[in-house]
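So the structure is just underneath, and the comments pick up after that.
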Amino acid sequence: MKMKFKVELPVFKEKEVNLLDYKPVANKADLETSKHNALVINKAIKDLSENGGGKLVIPAGLWITGPINLLSGVELHLERNAILKFSKNPEEYPLIVTNYEGQDCIRAVSPITAINATNIAIIGDGVIDGSGDEWRPIKEFKLTARAWQENLKKSDCVLDTKEGGVWFPTKTAFDGNTHNIQLAFEGKEDAEVLKLATPYYDFYRPVLISLKHCDKVLLQGVTFKNSPAWNIHPYFCTNLTVDSINVNNAYHAQNGDGIDIESCKNVEVKNSRFETGDDAICLKSGKNAIARTITGPSENIYIHDCLVNEGHGGFVIGSEMSRGIKNVWVDNCTFLGTDVGVRMKSALGRGGVVENINIENVNMVGIKNEGVIMTMSYVLNSLNRNETIAKENEEDIPFFKNININNVNCVGAKHSVKIEPLEGHMDTISNVNITNSRFEDCGEALIKGENINIEKLL
C-alpha cells in the first residue's frame with residue numbers, strides 16, 4: 001500500500017543551541033527548580049524562534065520542569081538519556097478553556113503545547129514523562145489486590161461505581177468528579193467558570209502533548225510516557241509525521257490514549273510502538289452537533305508498520321467523528337493483547353460520515369473482545385455519569401461506509417467480526433468488504449448492515 005498524498009516535513013535553520021547555555025538545574029525535583037527550568041527552556045525556544053529557528057538540544061540528564069510552549073521553527077532535540085519530567089502543581093499549570101473530545105472544556109495547561117506553529121519537531125532518543133500517575137484515577141478491577149491496597153495508603157478517596165471501586169489520587173480530583181464544572185453546563189464567562197472549577201483542580205487532567213492548528217510537525221524517536229490524560233493530541237493540524245516513537249502508559253491509565261489525531265489533514269504515522277491505558281492509535285473529528293458547526297474532517301491519513309502491545313483498541317476511529325473521517329490507509333500493523341483489534345465506534349447524536357477506510361496486512365493475537373468491530377451503539381457510561389443521547393434528528397445520524405479490510409489475521413478473540421448499525425437504520429453501516437482474512441480461535445461473527453461482503457472467514 002502506498003501513500004496517496006504528500007506529507008510535508010518541517011524544515012529548520014542550521015543553528016544549534018544547547019540548553020546548558022541557559023543554566024538549567026539538573027536532578028532536583030523541587031518547585032523552584034521546576035519553575036527555573038521551565039523559564040530557561042521557554043526562553044531558549046523563544047530566542048531561537050525569534051531569530052529564524054533552529055535546534056534546541058536537551059542534554060543527557062534528569063530535567064524537572066513546568067510547561068513548555070513550542071514555537072515556530074524550533075526542533076526540540078532530546079539526547080539519549082535525557083529525561084524531561086513534568087511537575088504537577090496549580091501554580092505552573094493553571095486551568096484554561098481548551099478543547100477535549102471535540103468540545104470546549106476546562107483543563108490544566110498541557111506539559112507541552114504548540115498553537116499556530118509552523119515547522120516544529122520533537123526529536124531524539126530521550127524521554128518525556130508527564131507525571132500522569134499523580135493525576136489519574138484508577139479502576140480497581142485493573143489492579144492486583146496488593147497494588148490496590150498500596151494506592152489506598154496514598155489516598156482513601158474511592159468512588160463506588162457499577163464497575164467497582166475507582167481510586168482518586170487526591171480529594172480535589174474525587175470531588176471534581178461530582179461537580180465537574182464545564183462551560184456548556186454553566187453558560188457563564190470563561191473567567192467565572194474557571195474560578196468555580198479551581199477547588200477541583202486535580203480533576204481537570206491535561207493531555208501531555210497538545211498541538212493545535214500547527215503545520216509541518218515531526219515527532220520522531222522520543223518516548224512519550226505517563227500522560228495525565230491522552231498522550232499526544234494533534235488538533236486541526238496539517239502535515240503531521242510521527243516516526244519511530246514509543247508511547248507508554250500503564251494499562252490502568254484512565255483515558256491514557258496513545259495518539260488521538262483530531263480533524264487533521266495529511267498525516268503519516270509509522271514505525272512506532274504503543275502500550276496504552278486506552279485506545280492506542282485513534283482518529284477523531286469532534287463530538288455531536290456543536291462539533292459539526294466547524295468544518296474539519298480528519299482526512300488523508302496513512303498508518304503503517306506500527307506495533308500495539310496493549311490498549312483498548314489497536315486502530316480506532318471514533319467515537320468522536322462528527323466532522324467526518326475519510327481517506328485512511330492502515331497497513332502492516334501488529335496488535336498484541338488489545339481489548340479490540342480494529343475498532344470503529346459511534347452513536348446517535350454524533351452525525352458525520354466515516355468513509356473510504358482501507359486496512360490490510362494486519363496481524364492480531366490474544367484479542368480480548370472483537371477482532372474487528374464497527375458499532376453505532378457506543379455510549380460513554382463511566383464513573384456514574386451517563387452520556388446524553390440525542391433525539392433522532394437526521395443530522396444526528398452517523399454513517400460508516402466504503403470500508404475495505406484485506407489480509408487480516410487474528411488468533412484468539414471473543415468474536416471475529418461484529419458489525420452493528422443503529423437499530424432501525426441498517427444503512428448506517430454499508431459497503432463493507434472483508435477479504436482474504438483468517439480468524440482462528442475466535443467466536444462467531446455477528447453481522448448486520450447493508451451491502452456487507454465478507455468472504456468465508458478462514
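None of the values given here were measured: they were computed from a predicted structure.
For D215 and T238, the side-chain atoms include at least one donor-acceptor pair closer than 3.5 Å. Side-chain contact, S430 with D427: no donor N or O sits under 3.5 Å from an acceptor N or O. Of the N and O atoms on the side chains of H312 and D278, at least one donor lies less than 3.5 Å from an acceptor on the other residue.
Side-chain contact between T178 and Y200: absent, with no pair of heavy atoms (C-beta onward) separated by less than 4.5 Å. Residues F335 and V340 are not in side-chain contact: their nearest non-hydrogen atoms beyond the backbone lie 4.5 Å or more apart. Between D104 and N99, the closest side-chain pair of non-hydrogen atoms falls below 4.5 Å. Put simply, the side chain of I373 does not reach to within 4.5 Å of the side chain of Y378, judged on heavy atoms. Side chains of V328 and F315 form a contact here, defined as non-hydrogen atoms less than 4.5 Å apart. Here the side chains of M376 and I397 are not in contact, with every heavy-atom distance at 4.5 Å or above. Side-chain contact check for L446 versus E420: every heavy-atom pair is 4.5 Å or farther apart. Y251 places a side-chain heavy atom less than 4.5 Å from the side chain of D339.
None of F168, F203, W167 except one satisfies the ring-ring contact (aromatic ring centres under 6.0 Å, His included) rule with F174; the exception is F168. Checked options D129, I41, N37, V127; the residue passing with L84 is I41 (criterion: side chain to side chain contact (heavy atoms under 4.5 Å, CB included)). Shown are E320, R323, K284; of these, the side chain to side chain donor-acceptor pair (under 3.5 Å) with S263 is made only by R323.
Considering every non-hydrogen atom in both F400 and S346, the closest pair reads CZ-CB, 3.8 Å. Residue E310 comes nearest to T338 through the heavy atom pair C-CG2, 4.1 Å, listed as atom of the first residue, atom of the second, then distance. Here the closest heavy-atom approach between residue S49 and residue S72 is recorded as OG-O, 2.9 Å. Across all their heavy atoms, P398 and G351 have their closest contact at CB-O, 3.6 Å. When every heavy atom of V207 is checked against every heavy atom of P111, the shortest pair comes out as O-CD, 3.3 Å. What you find for Y201 and N89 is that their closest heavy atoms are OH-O, 3.5 Å.
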Could you go through the side chain to side chain donor-acceptor pair (under 3.5 Å) check for D243 and Q220 one step at a time? CA-CA 5 Å; D243 181 15; Q220 186 178 59; 2.9 Å; yes
Please lay out, stage by stage, how Y204 and W135 fare under the test ring-ring contact (aromatic ring centres under 6.0 Å, His included). CA-CA 9 Å; Y204 300 102; W135 293 84; 9.8 Å; no
When you look at S322 and N288, which way does the side chain to side chain donor-acceptor pair (under 3.5 Å) test go after all the steps? CA-CA 6 Å; S322 300; N288 295 347; 4.6 Å; no
Determine whether I68 and N42 satisfy the following criterion, side-chain contact (heavy atoms from CB on, under 4.5 Å), listing intermediate values before the conclusion. CA-CA 6 Å; I68 293 171; N42 282 301; 4.0 Å; yes
What's the verdict on side chain to side chain donor-acceptor pair (under 3.5 Å) for S227 and N249, showing C-alpha distance, side-chain angles and the deciding distance? CA-CA 7 Å; S227 57; N249 271 336; 2.8 Å; yes
Kindly determine whether C333 and V308 satisfy side-chain contact (heavy atoms from CB on, under 4.5 Å), including the steps that lead there. CA-CA 8 Å; C333 289; V308 179; over 6 Å; no
Evaluate the criterion side-chain contact (heavy atoms from CB on, under 4.5 Å) for residue pair D257 and T276; output intermediate values, then yes/no. CA-CA 6 Å; D257 294 29; T276 66; over 6 Å; no
Chi angles and distances behind the side-chain contact (heavy atoms from CB on, under 4.5 Å) call for K414, E370: CA-CA 6 Å; K414 184 176 180 180; E370 296 85 7; 5.7 Å; no
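Of the possible donor and acceptor atoms, none in the side chain of N393 sits under 3.5 Å from a partner among the backbone N and O of E395. For the pair T198 (side chain) and L194 (backbone), a donor-acceptor distance under 3.5 Å is present. The closest donor-acceptor contact from the side chain of T428 to the backbone of M426 lies at 3.5 Å or more, if one exists at all. With hydrogens and angles disregarded, a donor-acceptor distance shorter than 3.5 Å links the side chain of R205 to the backbone of Q254. Between the S110 side chain and the T113 main chain, no donor and acceptor come within less than 3.5 Å of each other. Under the 3.5 Å distance criterion, the side-chain polar atoms of H425 are left unmatched by any main-chain donor or acceptor of P421. Within the 3.5 Å criterion, the main-chain N or O of K88 finds no donor-acceptor partner in the side chain of S131. Listed for the S244 side chain is no donor-acceptor partner under 3.5 Å among the backbone atoms of G221. Under the 3.5 Å distance criterion, the side-chain polar atoms of K13 are matched with a main-chain donor or acceptor of N51. No donor-acceptor pair closer than 3.5 Å links the side chain of R80 to the backbone N or O of G124.
A salt bridge links K139 with E163: at least one charged nitrogen is closer than 4.0 Å to a carboxylate oxygen. Contact check on K154 versus D133 returns no salt bridge, with no Lys/Arg side-chain nitrogen under 4.0 Å from an Asp/Glu carboxylate oxygen. A salt bridge is absent between E192 and K195; no separation between the charged side-chain nitrogens and carboxylate oxygens falls under 4.0 Å.
Between the CG atom of N266 and the CG atom of N300 there is a distance of 5.0 Å, given to the nearest 0.5 Å. Annotation: the span from I45 atom CD1 to L48 atom CG amounts to 8.5 Å, rounded to 0.5 Å. Here the straight-line distance linking atom CG of N81 with atom CD1 of I58 works out to 14.0 Å at 0.5 Å rounding. Atom CZ in F399 sits 11.0 Å away from atom CD1 in I429 (nearest 0.5 Å). In this structure, NZ in K28 is found 12.5 Å from CG in L62, a value given to the nearest 0.5 Å. How far NZ of K265 is from CD of E299: 4.5 Å, rounded to the nearest 0.5 Å.
Other residues, nucleotides and ligands place more than 12 heavy atoms under 6.0 Å from the NZ atom of K212. The 12-atom threshold is exceeded at NZ of K368, counting heavy atoms of other residues, nucleotides or ligands nearer than 6.0 Å. Residue K142 places its NZ atom among more than 12 non-hydrogen atoms of other residues, nucleotides or ligands, all under 6.0 Å distant. In the displayed structure, K216 atom NZ is contacted under 6.0 Å by more than 12 heavy atoms of other residues, nucleotides or ligands.
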